[in-house]
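This structure is in structure tokens; I'll ask about it shortly.
Scope of the values below: all heavy atoms of this structure, side chains included, with no hydrogens, waters or symmetry mates. Whatever order the structure lists ligands and atoms in, that order sets their numbers, starting from 1. Keep in mind the model is a prediction, meaning the values are calculated, not measured.
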Amino acid sequence: MASIAVCPGSFDPITYGHIDIIKRSAKVFDHVYICVLNNSAKKPFFSVEERLELIREVTKDIKNVSASSYEGLLIDYAKSVKANAIIRGLRAVSDFEYEMQITSMNRVLSDDIETFFIMTNNQYSFLSSSIVKEVSKYDGDISELVPKIVHDALRAKFHKNRP
Ligand code: COD
């Protein structure tokens with residue numbers, strides 16, 4: 001049986017922290033589906049289509065990875081692609097409570113799909129999409145944090161009315 005994982009997230013936008021988790025998952029699973037879902041606690045900055053375009057571009061060289069979006073529950077998406085695993089990244093202790101809550105909820109919804117956690121690379125332990133947006137908004141250097149295409153997309157959106 002093929003091992004299939006889902007890497008779910010808001011990816012608003014995708015960062016090197018996300019990419020690290022995706023690459024490491026792709027080494028372990030036969031196929032990894034990246035899925036852009038709605039996090040009702042967050043107000044999106046990029047549209048779903050914009051986020052997907054960036055994800056597809058920056059993961060295009062990883063053969064066993066594909067990306068799509070889903071309107072609904074993560075667990076329903078995971079079932080629809082016959083996934084046996086959900087992958088989440090863990091940064092600091094502050095991630096733990098939220099992750100425990102959604103993992104437990106997902107287990108109530110289906111106990112056939114296990115959630116696995118991958119510890120962040122030390123280099124990216126502070127990195128989040130929110131911090132990247134904040135720094136880019138005020139013209140800070142984010143070139144170490146996101147691929148160039150993401151950097152350019154952020155600048156274009158924040159500074160579109162600049163002469
Ligand atoms: N290092 C390592 N991992 C990282 C880093 C980093 N620097 N940055 C982010 N990550 C990990 C996160 O821990 C997470 O695992 C993943 O990357 C995606 O992160 P985000 O922030 O883009 O995505 P989230 O956390 O907003 O995603 C939440 C979901 C959209 C997956 C969730 O809200 C969801 O499942 N929504 C659909 C409705 C549903 O089914 N809800 C759950 C049942 S209650």
What pairs meet the side-chain hydrogen bond (donor to acceptor under 3.5 Å, both in side chains) rule with one or both residues in residues 77-94, with sequence neighbours excluded?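 Non-adjacent pairs meeting side-chain hydrogen bond (donor to acceptor under 3.5 Å, both in side chains): Ser68-Tyr77, Arg88-Glu99, Arg91-Asp95.
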Salt bridge (Lys or Arg N to Asp or Glu O under 4.0 Å) contacts in which one or both residues fall within residues 3-12, not counting sequence neighbours: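 For residues 3-12, and leaving out neighbouring residues, the salt bridge (Lys or Arg N to Asp or Glu O under 4.0 Å) pairs sorted by first residue read Asp12-Arg51, Asp12-Lys133.
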Tell me the residues surrounding ligand 1, counting only those with a heavy atom closer than 4.0 angstrom, sorted by chain and number.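 Within the 4.0 Å shell of ligand 1, which is judged on heavy atoms, sit Pro8, Gly9, Ser10, Phe11, Gly17, His18, Ile21, Leu37, Asn38, Asn39, Lys42, Gly72, Leu73, Leu74, Arg88, Gly89, Arg91, Tyr98, Glu99, Met105, Asn106, Thr120, Tyr124, Leu127.
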Minimum side-chain heavy-atom gap Ile22-Ile34 below 4.5 Å: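 In contact.
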Are side-chain N/O atoms of His151 and Ser143 paired as donor and acceptor at under 3.5 Å?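 Not at all, the side chains of His151 and Ser143 share no donor-acceptor pair under 3.5 Å.
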Determine all donor-acceptor pairs shorter than 3.5 Å in which one atom belongs to a side chain in residues 108-117; sequence neighbours excluded.
from, atom 1, to, atom 2, distance (Å)
Ser110, OG, Asp112, N, 3.3
Glu114, OE1, Arg107, NH1, 3.4
Glu114, OE2, Arg107, NH1, 3.0

With a 6.0 Å cut-off on ring centres, are Tyr33 and Tyr70 close enough?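 Ring centres of Tyr70 and Tyr33 not closer than 6.0 Å.
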